[in-house]
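First the structure, in the form of structure tokens, and then the observations on it.
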There are 2 protein chains.
Amino acid sequence: MKDVNLEEAIGLLKTEGYKQTGKRKMMLELFDRHDRYMTAKEVLEEMSREFKGLSFDTIYRNLSTFVSLNILEETELSGEKHFRFVCDSGHHHHHFICLDCGKTRQIHTCPMSALNENLSGYDISGHKFEIYGTCPACQ
Amino acid sequence: MKDVNLEEAIGLLKTEGYKQTGKRKMMLELFDRHDRYMTAKEVLEEMSREFKGLSFDTIYRNLSTFVSLNILEETELSGEKHFRFVCDSGHHHHHFICLDCGKTRQIHTCPMSALNENLSGYDISGHKFEIYGTCPACQ
DNA sequence: CTTCCAAATTAGAATCCTTACGATTTAACA
DNA sequence: TGTTAAATCGTAAGGATTCTAATTTGGAAG
């Protein structure tokens, strides 16, 4: 199940004309394996074990590439960008995010569908609904 | 109406044992007058006209103080902290935020009250619901 | 299996936002 | 007024992120 996503993601690189490098594959494996929000620094630290002398730039550039390819999703927690493998549930949803471990739990209630305000005249480009706290495992 | 809030905010400084300095008063007047989300840099620029040689430290320290006094509220937009006078409507609400001018419009629908997920076992410490876009005036 | 080129990576500097520091000034009270 | 703790200044430090120029490499073409 998850491996399908991983393979799909790696395949997407070729499809879109990006090179399949060992670093990119390891980054994607990392996100697939952890299945939680991670910072660029965390990714760098884990990758550095295998790839010594890894550059900041590589991490940030690839994270940005993956987000634009819709392989990763991004959110900002306490001033730091966090990334996770995009959920494959196939429908729009939101997240409870554990502030300790970064793991998430899907929330299927979307406030936009239940919105009873009149926002005509407003051009809406996006919305964010996140619930923060501590997951059962971290308590 | 808004002046009441401003006076209350200035008065709160004394009540809580903080000094009422000209810089703090001008900062609060600024937020009262603009009534929108502003960055520390925007505040610094406007204040610098009157107070030349104003220090970063003063801006950030006072912004932080005002937030802790519940005079200002804070959110993070594209990697930068934004602050605005806390709304006085007296009840919990959320915001549409114009990404051009920073002005907001209150949203009274709260997703937490309509949440039909079972989150027992999760320790919830907070939530965020924001709608982004362009307000009528900025289109 | 080579050659080749655009893409990827590196190392390090630069940028942006934010916070921290010791020295100086100032608000508020007696 | 004088005193004192709080506020401010000037600047440096910090962390996250982006940029640049030089080098390396994936992978398509021969």
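Treat the numbers as computed from the prediction; the structure is a model and nothing was measured. Letters A, B, ... are given to chains in the order of the sequence lines, protein chains preceding strands, and every chain is numbered from 1.
Rounded to whole Å, the distance from CD on B:E76 to C1' on C:dT18 is 11 Å. Rounded to a whole Å, the CZ atom of B:F66 is 10 Å from the P atom of D:dA7. Per the geometry, CZ belonging to A:F51 stands 17 Å off P belonging to D:dT24, to the nearest Å. B:E42 places its CD atom 11 Å from the P atom of C:dC17, with the value rounded to the nearest Å. Rounded to whole Å, the distance from CG on B:L54 to P on D:dT8 is 9 Å. Atom-to-atom, CE of B:M27 to P of D:dT8 comes out at 9 Å; the value is rounded to the nearest Å. Between the CG atom of A:L77 and the P atom of D:dT17 there is a distance of 11 Å, given to the nearest Å. Note: CE (B:M26) to C1' (D:dT8) measures 16 Å, nearest angstrom.
For the pair A:F96/B:I124, a side-chain contact is recorded, criterion being any heavy-atom separation below 4.5 Å from C-beta on.
Taking only side-chain atoms of A:T58, from C-beta outward, the nucleotide of C:dT9, D:dC9, C:dA11 with the closest atom is C:dT9.
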In a table with atom names and distances, give each donor-acceptor pair under 3.5 Å that connects a side chain of residues 45-56 of chain A to protein atoms at least two apart or in another chain.
| residue | atom | partner | partner atom | Å |
| --- | --- | --- | --- | --- |
| A:E46 | OE2 | A:H34 | NE2 | 2.8 |
| A:S48 | OG | A:L44 | O | 2.6 |
| A:S55 | OG | A:D57 | N | 3.1 |

Just do the side-chain contact (heavy atoms from CB on, under 4.5 Å) check on A:L28 and A:K25 with the steps written out, would you? CA-CA 5 Å; A:L28 293 174; A:K25 285 179 185 171; 5.9 Å; no
Could you go step by step and tell me if B:K128 and B:T75 meet the side chain to side chain donor-acceptor pair (under 3.5 Å) rule? CA-CA 9 Å; B:K128 181 177 211 174; B:T75 195; 3.1 Å; yes
Audit row: A:C110, A:H94, side-chain contact (heavy atoms from CB on, under 4.5 Å) steps and yes/no: CA-CA 7 Å; A:C110 177; A:H94 297 280; 3.5 Å; yes
Show the numbers, then the answer: is there a side chain to side chain donor-acceptor pair (under 3.5 Å) between B:Q20 and B:Y18? CA-CA 7 Å; B:Q20 298 179 335; B:Y18 292 93; over 6 Å; no
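Between A:R61 and C:dT9 there is a side-chain polar atom (N or O) within less than 4.0 angstrom of OP1 or OP2. Side-chain N/O atoms of B:R24 include one lying less than 4.0 angstrom from OP1 or OP2 on D:dA7.
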Return the polar atom pairs (N/O with N/O) between nucleotides 12-16 of chain D and the protein under 3.5 Å, or none.
| residue | atom | partner | partner atom | Å |
| --- | --- | --- | --- | --- |
| D:dA16 | OP1 | A:E80 | OE2 | 3.3 |

What does the list of N/O pairs under 3.5 Å between the protein and nucleotides 4-6 of chain C look like, with a distance for each?
| residue | atom | partner | partner atom | Å |
| --- | --- | --- | --- | --- |
| C:dA6 | N3 | A:K19 | NZ | 3.4 |

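Residue A:D35 is tested with A:R105, A:R84, A:K103 for a salt bridge (charged side-chain N to carboxylate O under 4.0 Å, His left out); the sole match is A:R84.
Residue contacts shown for A:G17 are absent, as no nucleic acid heavy atom lies under 4.0 Å away. Note on B:K14: nothing from the nucleic acid sits closer than 4.0 angstrom, heavy atoms only. Within the 4.0 angstrom heavy-atom criterion, base atoms lie near A:D57.
A:R36 contributes a side-chain N or O that, together with a main-chain N or O of A:C101, makes up a donor-acceptor pair within less than 3.5 Å.
Checked by distance alone, A:T21 brings no side-chain donor or acceptor within 3.5 Å of a matching partner on the base of D:dG26.
Taking the six-membered ring where tryptophan is involved, the planes of A:H108 and A:H93 are tilted, since the angle between them lies from 30° to 60°.
Taking CD1 from A:I131 and CD1 from A:I107, the interatomic distance works out to 4.0 Å, rounded to the nearest 0.5 Å.
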